[in-house]
Undergrad: 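After the structure tokens below, expect a handful of questions from me.
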Amino acid sequence: MTITLPEPTKAIPDRAIYERRESGVRSYARSMPRQFNRAEHVWLHDNQGGRYLDFLSGCSTLNYGHNHPILKQALLDYITSDGIAHGLDLHTDAKADFLETFEALILQPRGLDYRAMFTGPTGTNAVEAAIKLARKVTGREMVIAFTNGFHGMTLGALACTGNAAKRGGAGVPLSHVSHEPYDGYHGPGVDTAELLERRLSDPSSGLDAPAAILVETVQGEGGLNVASPEWLRRIAEIAKRHGALLIVDDIQAGCGRTGGFFSFEDMGFTPDIVTLAKSLSGMGLPFALTLFRPELDQWSPGEHNGTFRGNNHAFVTATAALRHFWSDGHFQEDVRRRGAMLERRLDAMAAEHGLSTRGRGMMRGIHVGSGEVAEAITRACFAQGLIIETSGAHDEIVKVLAPLVIDDAILSAGLDILEESLREALTVTYGVAAE
Ligand SMILES: *Cc1c(COP(=O)(O)O)cnc(C)c1O
């Protein structure tokens with residue numbers, strides 16, 4: 001089977017309006033200076049007729065691709081029938097359908113018993129609700145987060161985020177969080193769970209008793225570092241022993257990205273609290289959830305709220321996505337197989353150049369040595385019609401976040417572009433031709 005490679009355009013559209021009126025805070029638009037007007041499946045189109053293969057997927061917000069026909073039809077039908085668009089936290093048909101479907105297809109088959117809190121619609125809203133609830137329930141202030149963690153940009157979540165450039169924008173001290181070394185931070189010889197246990201057990205360590213331990217199983221923005229199941233189980237035990245709640249931030253690694261619906265499935269521990277957002281709506285509509293054990297549901301009515309807690313359009317597309325992709329094991333099997341293929345291809349590229357890979361499932365990347373090399377690679381990819389971005393403390397990881405529904409042959413064609421761009425960039429940077 002021959003894959004028609006994308007046809008990017010060289011023409012850069014008139015950007016005067018953005019320079020004149022849009023804030024300088026924009027970022028992705030700078031590395032992809034085109035004007036996009038349409039998207040379907042794994043493709044983005046610009047207004048000059050160019051086509052791009054999307055290996056970014058809205059930072060894993062579009063796990064099921066752009067405008068999936070089944071999700072789109074469900075939303076069109078709902079709008080056509082004058083379904084409720086905005087409902088605060090009112091009970092609606094769309095919300096009941098979502099909760100019932102989530103219970104039947106996600107919670108029950110996994111033996112999970114969580115209450116769902118509809119927070120404001122972004123990931124950071126779900127994280128704020130999670131840490132606020134943990135502090136309320138435990139009566140403690142301090143949260144343990146990890147090196148290279150990313151949890152969002154509002155003050156509470158930003159305090160849990162490691163990246164100095166992002167923290168610097170806060171303008172006020174970011175407090176009540178201690179950043180402890182993530183799994184592998186000190187190299188393979190140091191068990192960082194043991195270090196944490198020692199600090200928490202030592203009354204003279206200076207570490208206050210935590211309300212929560214907040215962790216990503218794979219650090220999406222922080223460099224695709226993967227925590228081992230053993231380390232995560234240790235962290236879960238440590239949280240329990242010290243009276244802290246374990247929060248898994250599954251905003252990027254969840255919704256199928258690492259294979260299962262949750263990234264911690266089959267690992268032998270159950271988080272007290274879980275945050276979801278990004279691909280939850282399935283179609284890129286804003287929708288976030290904070291899940292927690294029923295005993296933790298100590299909120300009084302309205303104690304935490306938000307005008308956009310009830311994005312009914314997102315309930316509709318999320319329900320359609322759950323029914324279509326999560327009614328049986330087919331989708332998960334496909335994702336696992338594609339994840340293994342991605343691993344093989346990236347490992348081969350890394351071996352060719354003496355580099356290393358990291359990640360899990362369909363959330364993997366290649367450490368290319370520096371942010372400059374990574375940028376040269378992503379720029380070369382974009383020129384050939386492949387949208388791909390970086391991750392890590394120095395943006396030194398080129399990360400593949402292809403839609404989970406991508407055909408194997410298209411995934412392979414995109415990886416061919418990456419392979420070639422990597423070879424070129426390394427040749428230019430180090431002046432050595434790869435043989
Ligand atoms: C993206 C992300 C967030 C923040 O989500 P927003 O919707 O951007 O607020 C939080 N945690 C993780 C792990 C993320 O990847």
Side-chain angles (χ1 to χ4, degrees), residues 25-28 56-63 117-132 134 143-163 165-167 169-170 174 177 179 182-183 212-227 232 235 246-258 261-264 271 273-291 306 308-309 311 314 318 358-365 389-393 395 397 399-401 404:
V25 78
R26 64 197 187 280
S27 63
Y28 293 111
L56 177 58
S57 305
C59 299
S60 199
T61 299
L62 297 158
N63 283 358
M117 172 177 179
F118 298 99
T119 65
T122 68
T124 201
N125 297 145
V127 172
E128 294 288 348
I131 57 183
K132 193 165 165 182
V143 169
I144 288 175
F146 292 95
T147 49
N148 291 303
F150 179 81
H151 300 286
M153 298 296 279
T154 51
L155 287 181
L158 189 56
C160 300
T161 292
N163 187 291
K166 301 216 159 51
R167 293 172 65 84
L174 295 172
V177 176
H179 293 265
Y182 192 69
D183 192 12
I213 301 183
L214 170 63
V215 68
E216 293 162 273
T217 66
V218 183
Q219 297 185 313
E221 299 303 303
L224 299 175
N225 308 306
V226 175
L232 288 163
I235 295 296
L246 178 68
I247 307 173
V248 169
D249 181 348
D250 235 4
I251 289 171
Q252 188 161 158
C255 298
R257 181 53 62 183
T258 48
F261 187 84
F262 296 107
S263 70
F264 53 83
I273 305 180
V274 182
T275 55
L276 289 173
K278 291 207 163 93
S279 270
L280 183 60
S281 78
M283 229 180 98
L285 297 174
F287 180 20
L289 271 185
T290 304
L291 305 171
F308 288 106
R309 276 170 299 163
N311 185 351
R358 47 209 66 192
R360 186 151 77 79
M362 281 288 279
M363 185 176 187
R364 292 179 193 271
E389 269 293 337
T390 60
S391 164
D395 298 321
I397 316 277
K399 109 172 148 171
V400 179
L401 286 179
L404 305 181

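For ligands, and for the atoms within them, numbers begin at 1 and follow the listed sequence.
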Undergrad: Rounded to the nearest 0.5 Å, what's the gap from OG on Ser60 to CE on Met363? Could you check?
TA: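 Rounded to the nearest 0.5 Å, the OG-CE separation comes out at 6.5 Å.
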
Undergrad: Atom CG of Asp249 and atom CG of Leu214: how far apart are they, to the nearest 0.5 Å?
TA: 6.0 Å

Undergrad: Does Asp183 have any side-chain hydrogen bond (donor to acceptor under 3.5 Å, both in side chains) partners at least two apart in sequence or in another chain, and if so, which?
TA: Ser228

Undergrad: Taking side chain as C-beta onward, heavy atoms only, is Tyr28 less than 4.5 Å from Cys59?
TA: yes

Undergrad: How are the rings of Tyr182 and Phe146 set to each other: parallel, tilted or perpendicular (split at 30° and 60°)?
TA: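 Correct class here is perpendicular.
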
Undergrad: Side chains of Thr154 and Thr124: donor-acceptor distance under 3.5 Å anywhere?
TA: yes

Undergrad: Tell me the residues surrounding ligand 1, counting only those with a heavy atom closer than 4.0 angstrom, sorted by chain and number.
TA: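 Within the 4.0 Å shell of ligand 1, which is judged on heavy atoms, sit Thr122, Gly123, Thr124, Phe150, His151, Gly152, Glu216, Asp249, Ile251, Gln252, Lys278.
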
